[in-house]
Number of protein chains: 2
Amino acid sequence: MANIRDVARLAQTSVATVSAVLNNSDPVSPALRARVLHAIQELNYHPSAVARSLSTRKTCTIGLVMPYILTPTAPPFIRAVEEEVTNAGYSLLLALSDGDPQREREMMELMAQKRVDGLLISAGPSWDDKTADQIEALQASGTTRIVFAARRSERPKNLDAVVSDNRNGAFAATSHLLDLGCTDIALLALPALGLNERDRILGYELAHRERGLIPRPELRRWGSTSQSPDGIALAQATTRDLFTLERPPDAIFVCNQTMVLGVLQALGELRLDVPGDVALVCFDDAPWLQHLPVPITAVSQRPDLVGRKAARLLLHRLRGDAEAAPPRVEIVPTELVIRESSAGRARLAGAGRAATATARAEQVLEN
Amino acid sequence: MANIRDVARLAQTSVATVSAVLNNSDPVSPALRARVLHAIQELNYHPSAVARSLSTRKTCTIGLVMPYILTPTAPPFIRAVEEEVTNAGYSLLLALSDGDPQREREMMELMAQKRVDGLLISAGPSWDDKTADQIEALQASGTTRIVFAARRSERPKNLDAVVSDNRNGAFAATSHLLDLGCTDIALLALPALGLNERDRILGYELAHRERGLIPRPELRRWGSTSQSPDGIALAQATTRDLFTLERPPDAIFVCNQTMVLGVLQALGELRLDVPGDVALVCFDDAPWLQHLPVPITAVSQRPDLVGRKAARLLLHRLRGDAEAAPPRVEIVPTELVIRESSAGRARLAGAGRAATATARAEQVLEN
DNA sequence: CTGAAAGCGCTTACAG
DNA sequence: CTGAAAGCGCTTACAG
């Protein structure tokens, strides 16, 4: 493959001049520039970004390390990050850790060796201190700017972060159910390993506490993060089990979309009516949730905004404008989109639990 | 940041030796190796992959250029690619063109400049000759090995490719509906820009032709690739329109998941029963499709296998084992998963179109 | 405006 | 086993 010297030779000039026309760094006479451009064409020359990076000590590459891509929020998140990064003239190096802390660390080390200019990290649910130490060392070495995106962790402290408002989303969902008069709200939670998961549980509890209530412990159940049939089956079994309680729930707050399918299946088998017998709210929205026979109330997230803001924050730091500004944690609002699976209950209360309602309510509450 | 010379100095040896312990390329005495390792620790040294790449002329990086990530098949595809690539010691550079040929070309040029060892390309729906020329030049320059993945194109010829069996998937779906006695099968197609889209239409037509039938032209409608509410609304409007025909369809083959929501919405409004009045088959499967009140028959794809095989093929070429072997086109089979939305019709035929069926059939036909 | 040369941080014969 | 040196392909003062 041709290099810059070949081009210089063919254009009868020096490599410095070729470099100048390549980067518009120095003025070059039109005639010479034309000769150079022609030589580039002729030789099918593609300047080596590798050599350029070695020389400039910048790779124009952003790394993104995240645990999963098979979640509903991952694709729009990645899409937004990629868009921002590309528009700023950077490339995106993607690494998926599958939630394995060991892999997470290896991937971060690799990103460091590849000398990415910035690193976007979505902390896996099993994020540990060893990983945090590594991040701190990386950050301290001063070569790579780091921002938590979508999933942060308490360690390291002093790291920029952009995440969804999980707590208020769960708080709004739970408050909504309480407002509707539900008294026994089951929580189908995700293993509380990460901050996101814990914040959803916290929101559920705060909504109760605010009214001087304490949710019954037996109503809190653990689901699975798995997007596969296992996740569905577990939610189904758990729901069945909830209705063997002496005092079964009159509402269920489900912490992810996959589990909703299992819950609905179980409720169908038990011939329980939504929302007549049980109100339902889901964390995270999707088109199909609103096109079900009984549209499901959902906490809608904006993973695209999370990605966009995280990328912009990182890029902003990289430009050096805010090099040493104090770390910033941005919380992207979530929205409660109220649909029949919960709202129908208000009407039913008036009508003394008439037949399955058909009218569709769709209001939006912003946090 | 410390470099290899700093390490050599601290360990009181030469850079060649440090390099040797870093790469296990040459035997080094245990004592010296320990000194080197200690110096590396001490200096928090991360060898520069950039410098290494310049020297070795290999970046251990694979590029992936694809149009969309917001489709149901993209995430499992990317996941599999990333996994294979990572396990082979490579990194993944991801670029999303959004289907814009201009961007597609810029991204490919950038990948070339970054000197990726291999390139996985998912041809956008608007793939044009200019892009094909560029690919050919890239391939000819001999630095980057290229494989079409998930979406190929007729040009350039002689390129490795791994794609889903769109044609047979559509063929199986249509044949299944014809076998059930459907005579007027509407096709809700996607704009026929890419090979994938055209193959689905082709499969629909071949199934008819095999029986000496020719589908009525007014039953073929164009939907949208959009995953947004627009895509749903268009499918909804189109479905309504289909039932203003003098002779409306008794089955609909829908070419993607998003459109199914619009179709179901329209059928609901028209108070048409699935599968009693209209049988329904969807290209591409999803968990929620089988948990709907009437589970939907679907052509199930294996985007993960497509990604895995494409990555492996590329990696295999890179290892040089099959450097110059003739190009290979792998077609990954699709499966028809038969559910109530079509299978129910067989039973109804027997029962003289009784009330909505409730039994669930789930068989699998392999192509 | 243009050109010769040092330097970015590695690897890899090559000589000892 | 170990060390000095050239080379990978750029950029960037620096001198003309």
Side-chain angles (χ1 to χ4, degrees), chain A residues 1-37 39-40 43-61 109-110 112-117 141-144, chain B residues 1-37 39-40 43-61 109-110 112-117 141-144:
Chain A
M1 206 175 201
N3 64 27
I4 198 170
R5 297 185 57 180
D6 299 324
V7 175
R9 195 178 311 126
L10 184 60
Q12 304 187 72
T13 183
S14 73
V15 296
T17 305
V18 177
S19 178
V21 349
L22 244 28
N23 304 303
N24 282 316
S25 47
D26 269 320
V28 177
S29 75
L32 222 199
R33 145 170 267 111
R35 281 216 316 276
V36 169
L37 257 21
I40 287 175
L43 296 170
N44 189 23
Y45 169 67
H46 303 276
S48 164
V50 175
R52 183 170 208 284
S53 292
L54 182 58
S55 192
T56 60
R57 301 159 142 285
K58 293 184 46 203
T59 53
C60 286
T61 301
E109 170 62 21
L110 192 59
Q113 296 194 2
K114 296 238 166 177
R115 299 291 191 264
V116 296
D117 297 329
S141 80
T143 32
T144 310
Chain B
M1 205 174 202
N3 65 28
I4 198 171
R5 297 185 56 181
D6 299 325
V7 175
R9 194 178 312 124
L10 185 60
Q12 304 188 72
T13 181
S14 72
V15 296
T17 304
V18 176
S19 177
V21 347
L22 244 27
N23 304 302
N24 282 317
S25 47
D26 269 319
V28 176
S29 75
L32 223 201
R33 144 171 268 110
R35 277 214 321 272
V36 170
L37 258 19
I40 287 177
L43 295 169
N44 189 22
Y45 169 67
H46 303 276
S48 164
V50 175
R52 184 171 206 284
S53 292
L54 182 58
S55 191
T56 60
R57 301 157 143 285
K58 292 183 50 205
T59 54
C60 286
T61 301
E109 170 62 20
L110 192 59
Q113 296 193 3
K114 295 238 166 176
R115 298 291 192 267
V116 295
D117 296 329
S141 80
T143 33
T144 309

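In what follows, every chain begins at residue 1, and chains take the letters A, B, ... in the order their sequences are listed.
- Within the structure, salt bridge (Lys or Arg N to Asp or Glu O under 4.0 Å) pairs that include any residue of residues 4-25 of chain A comprise A:Asp6-A:Arg9 (at least two apart or interchain).
- Judged by distance alone with a 3.5 Å cut-off, no donor-acceptor contact links the side chain of B:Ser55 to the base of C:dG9.
- For A:Ser53, the side-chain contact (heavy atoms from CB on, under 4.5 Å) criterion is met by A:Thr59, B:Val50, not counting sequence neighbours.
- Between B:Ala51 and A:Arg52, it is B:Ala51 whose nearest contact on DNA chain D lies nearer the 5' terminus.
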Below 3.5 Å between N/O atoms, which protein atoms pair up with nucleotides 1-4 of chain C? Just atom names and distances, please.
unit_1, atom_1, unit_2, atom_2, d
C:dG3, OP2, A:Thr13, OG1, 2.6
C:dG3, OP2, A:Ser14, N, 3.1

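- Looking at residues two or more places apart in sequence or on another chain, you find no side-chain hydrogen bond (donor to acceptor under 3.5 Å, both in side chains) involving B:Gln12.
- Put simply, CG on A:Asn3 is 12 Å from C1' on D:dG7, counting in whole angstrom units.
- Going from atom CG of A:Asn23 over to atom C1' of D:dA13 covers 15 Å, rounded to whole Å.
- Using a distance-only test at 3.5 Å, with no hydrogens or angles considered, a donor-acceptor pair links the side chain of B:Arg115 to the main chain of B:Ala112.
- Scored by the side-chain hydrogen bond (donor to acceptor under 3.5 Å, both in side chains) test, B:Ser25 finds no partners at all (sequence neighbours excluded).
- The line from OG of A:Ser48 to CG of A:Asn3 is 9.5 Å long, rounded to the nearest 0.5 Å.
- Taking atom NZ on A:Lys58 and atom C1' on D:dT12, their separation rounds to 15 Å, with Å as the unit.
- The CZ atom of A:Arg57 sits 9 Å away from the C1' atom of C:dG9 (whole-angstrom rounding).
- For A:Ala11, the side-chain contact (heavy atoms from CB on, under 4.5 Å) partners are A:Thr13, A:Arg35, A:Val36, A:Ala39, not counting sequence neighbours.
- Every residue two or more places apart in sequence or in another chain that forms a side-chain contact (heavy atoms from CB on, under 4.5 Å) with B:Thr144 is listed here: B:Val116, B:Leu119, B:Leu138, B:Ile146.
- A:Thr56 comes within 4.0 angstrom of sugar-phosphate atoms only, judged by non-hydrogen atoms across all strands, and of no base.
- Atom CG of B:Leu54 and atom C1' of C:dG7 are 12 Å apart (whole Å).
- The interatomic distance linking A:Asn24 (CG) with D:dT12 (C1') rounds to 16 Å, in whole Å.
- Where pairing requires Watson-Crick or G-U contacts shorter than 3.5 Å, the helical stems of DNA chain C with at least three consecutive pairs are C:1-3 with D:14-16, C:5-12 with D:5-12, C:14-16 with D:1-3.
- Atom CD in A:Gln113 sits about 13 Å away from atom C1' in C:dG9, given to the nearest Å.
- With sequence neighbours excluded, the residues forming a side-chain hydrogen bond (donor to acceptor under 3.5 Å, both in side chains) with A:Thr143 are A:Ser141, listed by chain and number.
- Between the CG atom of B:Leu22 and the P atom of C:dT12 there is a distance of 12 Å, rounded to whole Å.
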